[in-house]
Structures are given as structure tokens and as C-alpha cells.
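Below, chain A is the first sequence line, B the second, and so on; all start at residue 1. Excluded from the calculations below are hydrogen atoms, water molecules and symmetry mates; all remaining heavy atoms, backbone and side chain alike, are included.
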4 protein chains.
Amino acid sequence: MNPASKRLRDRLREATRAAILDAAQAEFSAHGFSSGRMEEIARRAGVSVGTLYNYYEDRGALLEALLERHRELLLSRVDDALAKTARDGFEGRLRAFVGTVVEHFRENRALVAVAIEEELAGGRRNPKKVHTLRELSVRAEALIAQGVKENALRRDDASMFPTYLVGILRSVAVRVLHSDERIESDAATAAILRFFFQGAGKRP
Amino acid sequence: MNPASKRLRDRLREATRAAILDAAQAEFSAHGFSSGRMEEIARRAGVSVGTLYNYYEDRGALLEALLERHRELLLSRVDDALAKTARDGFEGRLRAFVGTVVEHFRENRALVAVAIEEELAGGRRNPKKVHTLRELSVRAEALIAQGVKENALRRDDASMFPTYLVGILRSVAVRVLHSDERIESDAATAAILRFFFQGAGKRP
Amino acid sequence: MNPASKRLRDRLREATRAAILDAAQAEFSAHGFSSGRMEEIARRAGVSVGTLYNYYEDRGALLEALLERHRELLLSRVDDALAKTARDGFEGRLRAFVGTVVEHFRENRALVAVAIEEELAGGRRNPKKVHTLRELSVRAEALIAQGVKENALRRDDASMFPTYLVGILRSVAVRVLHSDERIESDAATAAILRFFFQGAGKRP
Amino acid sequence: MNPASKRLRDRLREATRAAILDAAQAEFSAHGFSSGRMEEIARRAGVSVGTLYNYYEDRGALLEALLERHRELLLSRVDDALAKTARDGFEGRLRAFVGTVVEHFRENRALVAVAIEEELAGGRRNPKKVHTLRELSVRAEALIAQGVKENALRRDDASMFPTYLVGILRSVAVRVLHSDERIESDAATAAILRFFFQGAGKRP
DNA sequence: CATGAATGAGATTTCATTCAT
DNA sequence: GATGAATGAAATCTCATTCAT
């Protein structure tokens, strides 16, 4: 085959693959992972069921790919934000981190729910699997280590701070998920930062 | 029928009902909600599948009942703890609240995961449904209102504190769920309280 | 449950199981193993597809059971014939053996074809599996060992005689399978015996 | 188009056709006829699936061609052997016949199994089809007719001798197929001939 | 002609639910 | 009320075949 038509075919393949992932995202977001149907995904993607299986081994692999795409999107945004603020002090970087995550959750409400659902179920099947939240925790840990080093954070309890932080982020996401509240990202971010640094207590 | 045998029969019914819920809890904890099977629940309960349907309308109703039992157990513990400390100051009551929740999560790891999974899915189907976490948030809200009134908490952002608090609790629970760490309830509770009041920042 | 209705239920179960095997036999005989369809088997048995799976793990297990029933039928007939002639000389016992096998093949033409087909495929998958023809060979070997001991058979080449004998039997069966000839069992048996003892050559 | 490039193209076509048949032989030998897959055949042949369909109408035609090639190979060998011994006596010709068949079976174990499998299935679909074993029987019949004419064979039962002979040959082949025994062609041939002429019985 | 992505009919299998005993 | 065999709708997955490039 000549190189031109090979490249064309490759582009078409990538387009189809993306269409399938988009369709899977729509279907699983609408019905959850356990209820999303392959036939419906095919219909949404404008392909036949067989085609789904040309691109993904089986239903599980499709979900896997979907979550991975989502995970990579989130993490690349987070990593970008961290890279851009690489020279900043801890507070600025934390603000960038929290802001990015909150914004991402706001934009991807439904898929976040699927990810959480599947990561719970996946945890039962295969506890070793990469979890988005776990990856997020890794970033949070590094960040918090910087905060400790800068003397911006308490040293005691520091090992739990990433867990607290991710919990707060997730909780905010879920609150948004189940309510009709439209979250305002910047305000939400600022409030989270205040809470993280000062807690809920009054200054003495 | 005489009242005595009526009472006996009622007791038997209740025993069966409880056995079924226990079996459902074991099955769903082991396989997750979407994969738990009715036949297996019957086997675990020592009854036939038909009997499940004599006690519960369908699979959904059984799960509903299971989650409700779980929710009521948690909430009654929490409410007990709050009632016992009704006359105490905010900090003491918050300590009782957090301690109770942490201890409950520690004891019911697997079921908590199922509850979260189903509440996510349920949220898609019927957004009005009572959620354990939401009910917990209601308690947290009342408690925090007390804290605000006592001037123990900042007034600004106070509407988000329940969300943050519940997020932290859940995150600690999940961390325990997926790691092999054995959590030590009292220490965990103390650290959470420190974080809640003072945040992660250094005192100036 | 009371014992009477338990026994009744057991009888019904056995009847259903037999009906399913009969239906599978009909379907696989008509279309061969690889083309026989589960739905059609269910239809022939007068049950639903689901019921097939209540009795047999999967398609393969159903075929397995069918072949086993067939194998046991043949072997029990053969063993009966051998037992009844236990005190007879070699020739009489061989006559009984050959006669029984020829008669069985005549009666079960189509199923024999399925058995042969599956035993070939099964040999690829799992070379350890019991084969009807192999079991038959075991009987033939024992019989021929008796013949050798009685000085009725040549000692040299004796290790191949069972193979030759079973080959002849099978070949006769297949000839019958593919032709419209109606075989006459007794004559066929007598001819096989003559050939087995004297070969095709003229007496000098 | 000039004749030279036409011939070249024809040679290429034939090479591709042979590569496809070789690939089909490998695939069907490995997985049996009913499980061999077109895509895998294409991969083994180093062509695309589409190309398979340029050379053969469909899957059935490809198998047909494969079996025919195999049949022709066997029969041409047999016919060669018979032609070379055209002037010899019956025993020599029979020896040539048996020796050729045994050697061929030894060399083509897996394919012989496929042929048997398909001929059984084919027999169900289209009882008129040419069968390798039947063709072999035809040669055996002619040969045996010569033997009868030469007074080397008994006249009674002679109509069954071809069936017996082919059965013996096949049985020896299958024995080799399923065991790890390496057969020694000449010894095997000699033993078969002894059995065919004299049977298993002791000379009086 | 060759290619290989797309097709979709068709098969297997699962399992919540029903209902005769 | 309890039982558990039967049901059958629904879902997943396979793979021979087609056809635009």
C-alpha cells in the first residue's frame, strides 16, 4: 500500500477509535458502567457492534481505555499546572492544583461518577490497578512534601494531608454531582485553600 | 390464631428477614452490587430463591432494605453519640461524631463500598433518594451550626464545612479500604479534628 | 419438603435430563456437533434454553454427557456379552463381542458419526480424554490376549490385532453410515470373524 | 499484454494459491475444520483476508480445495505405485498399495484427521461428494478383484475385503495419530499384509 | 488485484423472576 | 409459606463475508 493511503487509513482508524470512546463515555455516563450496553455504544458511535470488538478486546477493555483517557486528561492538566508553577511557592502551586482538579470535576461530572464506581468495583477484582484518585494522591503528596519543606505546613499529621485534601476535592465533586448547584470554580478553590491552611476554627 | 403462636410466627419471620439481609450483605460485599446474585444470597441465607421474593419485592428492594439497615445502624450510632453529648460543647460533640463514623467505617469497610457504589448508580436513576452520606451531612450541618453559634468556627465558608468534613471521613475510609493499613480509630479521629480546626498550615 | 414430593421432583428432574439428552442426540446427529444449536435442542426437548443450562454447565458439557451416555450404553452391552460368555472359548467370545458392536453401530449410525467427529476434535484439545474406540480397544486387547493364551491366535503381530479388529468394525460402521445398504448383523459378524481368523487369502 | 508477463502473472497467482492452501492446511490441522479461522489463514499465508476471497469463493470452497489437493496427492501416489507394479502379481501390488497409504498417513497425520472430520460432516450435507476413503476403496476394490481373479483370495466375502482393508489402514493411522508411537512404515506394512492374507488365526 | 476495516446475523450464556407443587 | 425447576429476555461476543480505497 502506498504511504499516503496508509496515513489516511491510520487517521480514519484513530477517528473511529475516538468516536467509540466518546460514545462509550456518553453511554456509561448516562447509565453507569454496569448498565451501559455495547449495542448502544455502537449506535452512538455510528458503527456496528463488531467494530467495537475490532478496537477493544471486550467490554472491560473498552471501559479501561475510557478511564485511562480520562485519567490521562486529568493528570496531564494537573501536571501542566504544576509544571507552569514549578518555581512558585507552595501556596501558589497548591492553588493551581486544586483549581485544576475542581475545574476538571466540574466539566466531567458524569464520567467522574463512572470512574469512582468502576474504581470501587475494580478494587475488588484487581487491587493493583492504577486509580485516578491514587495518582492524584501521588501529586498531592509531592506537593505537600514541598509545603512541609517550606515550613508552610505542620510536620505532624502531614502524612494524612494528601488523603484529607483528595477527600475534600472528591466530596466537593460529588456534592456538585448530585445537586443542581452550579459550582463557581474560583470561589470553590479559594474556600478549599482557606480550609486547608487554616481549618474551620476561629483564629485565637 | 392465638396471640402466642402469632408472636412466635412473627419472630420467625423476623429471623428469616434478618438472615436474608445478612446473606445479601455478605454477597454484595463480596461481589459488589451489580454482580451479587440472588441465588447465591438464597444459598447463603439457607433459604430458596422463592423465599427471597416472599420477603422482598425484587432485587432492588432487597438492596434498598440492606442499605437502609446499614444507614439506620450508622445513623442511630451517630445520633446516640450526639445525644449522649447533647450538653457538651462543640468540640466534644464533634469528636464523638467523627469517632463514631470512623469506627463504623472501619468495621464495615466492604459494605460502605457497596453503599457508595449503589448511591452513585441510584443517583442516576432517582436523584431524590435518601443517601447515607447526605444524611450524615445533615448531622454534620447541625453540628457545625452549633460550632458557628458557639463562635468556635469561622462563619464564612461554613456552608462548605460539612462537605469537607464528610469528604475527609470518606477519604480516610477509602484509604483504609484499599490499603492493608489497619487504622487506629482514636489516633485517626484526633488527627482529623486537628486538621478540621487548625488546617494544615503552621500557626503564625 | 415431604419425601414423596421430593421423590416426585427427582423423577421429573431425571425425565427432563433424559429429554434433553435425547434432544441433543437428535440435534447433533442431524447437524453434527459443531453445527448443532442450543436453541434447537431446547425446542426439541420442549424446554427453554435456560433449562439446558440448569442441567449442563455449557454446550461442551452437554455433548460430553451425551457421548458418555452413548459410550456407557455400548460398553455395558459389550461387557454384558463378554460376561455371559465368560466361560466360553475365544472364538465364541469374539463372536459375541463383534456381534454386539456391529449391532450397536447399526442401531446408532448417526450418533456414532458424532462421536467419531468429536473424538477427533477432542483429541486435539485434550488428548487424555476417554475415547469410546479406545475403551473398545481395551476390551479387544483383553479378548485377544485370551486368544493368544488359548493358542487360537498367532503370537507375532498380536499387539496389532486389536487395532486391526477395531478398524474393521469402524470401517464397516462407516460403510453403513454412508451407504443406504441395510446391514444384516449376523452375516456381517460371521464374515468379519472369517476374515479375522483366516484372512482374505486362499487356504493352500 | 505480452505472453511473457502473462506467464509471470500466472505463476504468481499459482504461488499465492499454493501459499493459501498451505496456510489453510496448517490452520485446519492445528484447530480442526470447524474452528479454523479465515483471518488466521490469511495471516499464515501472508495475505489479507480479502485476497482469500479472490482465490476461493468462500470458506467451504477453500476447504474443498485443500481436501482435493490432499486427495489428489494421495491418489496420485497410490496410482503411481499401482502403475509401476502393473505387471506384477497381486501380492506385490497389494504391498505397494498398502505401503504407499501407510507412508502417506504417517506423513500427513493431522490433515488426515481433518479430512476424516470433514468427510463425516460433508456426508451429512452432501452424501454424493467424493470421499478420499471411498476413492481409496475403489482402488482397493480393483486390486482385490485382481486377487480374486488370480485365485489368491477367497471369493466369498470378497466384496467386504476392501472395506476391511481400508478400515485397517485407517485404524493404524488413527492409532498413530493419538499416540506418540513413531510408526515404522515397512514393518507396519508387512504386518498388515500378513494379517490380510492369513488373518490372526493359527495355521492348522 | 490487494487490502483490512466494517458489518451484522447468529450463537452462547446469564440470571432475575415466576409459579406449580 | 417454602421450594426450586423452568422461563426467556437480554446481553456479550465471534467471525465469515463485503467493499471502498
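For the pair D:Arg13 and A:Thr16, both in contact range of DNA chain E, the more 5′-proximal nearest nucleotide belongs to D:Arg13.
Summarising the geometry, the separation between CD1 on A:Ile41 and P on E:dA6 is reported as 16 Å, rounded to the nearest angstrom. If you take CG of C:Asp10 and C1' of F:dT3, they are 13 Å apart, rounded to a whole angstrom. Rounded to whole Å, the distance from CZ on A:Phe33 to P on F:dA11 is 14 Å. Atom pair C:Leu52:CG and E:dA11:C1' shows a separation of 13 Å (rounding to whole Å applied). For the pair A:Glu40 CD and F:dA10 P, the interatomic distance rounds to 14 Å; values are reported in whole Å. Between the CD atom of B:Glu27 and the C1' atom of E:dC15 there is a distance of 12 Å, given to the nearest Å.
Proximity of D:Ser48 to the phosphate of E:dG4: no side-chain N or O atom is located under 4.0 Å from OP1 or OP2.
One distance of note links CG of C:Leu63 with CD of C:Glu27; it measures 12.0 Å at 0.5 Å rounding. Considering NE2 of A:His70 and OG of A:Ser29, their distance stands at 9.0 Å, rounded to 0.5 Å.
Look at C:Glu72 and C:Arg69 and you find no salt bridge, because none of the NZ, NE, NH1 or NH2 atoms lies under 4.0 Å from a carboxylate O. Ion pairing between B:Arg11 and B:Glu14 fails under the 4.0 Å rule for side-chain N and carboxylate O.
Within 4.0 Å (heavy atoms only), B:Tyr55 reaches sugar-phosphate atoms of the nucleic acid but no base atom.
Across every non-hydrogen atom of B:Arg13 and B:Asn54, the tightest pair is NH2-O, 4.1 Å. Nearest approach of C:Arg59 to C:Gly36, heavy atoms of both residues: NH2-O, 2.8 Å.
Using a distance-only test at 3.5 Å, with no hydrogens or angles considered, a donor-acceptor pair links the side chain of B:Asp58 to the main chain of B:Ala61.
A search for side chain to side chain contact (heavy atoms under 4.5 Å, CB included) contacts involving C:Ala24 returns C:Phe28, C:Ile41, C:Leu62, C:Leu66, not counting sequence neighbours.
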Under a cut-off of 3.5 Å for both distances of each Watson-Crick or G-U pair, what dot-bracket string does DNA chain E give, using [ ] for crossing pairs and | for inter-strand pairs?
.||||||||||||||||||||
Which nucleotides of nucleotides 14-21 of chain F have their base under 4.0 Å from a protein heavy atom (B), which only their sugar-phosphate (S), and which neither (-), written as one string 5' to 3'?
BBSBB--S
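For the pair B:Arg17 and B:Tyr56, the cation-pi test (distance below 6.0 Å, angle within 45°) is passed.
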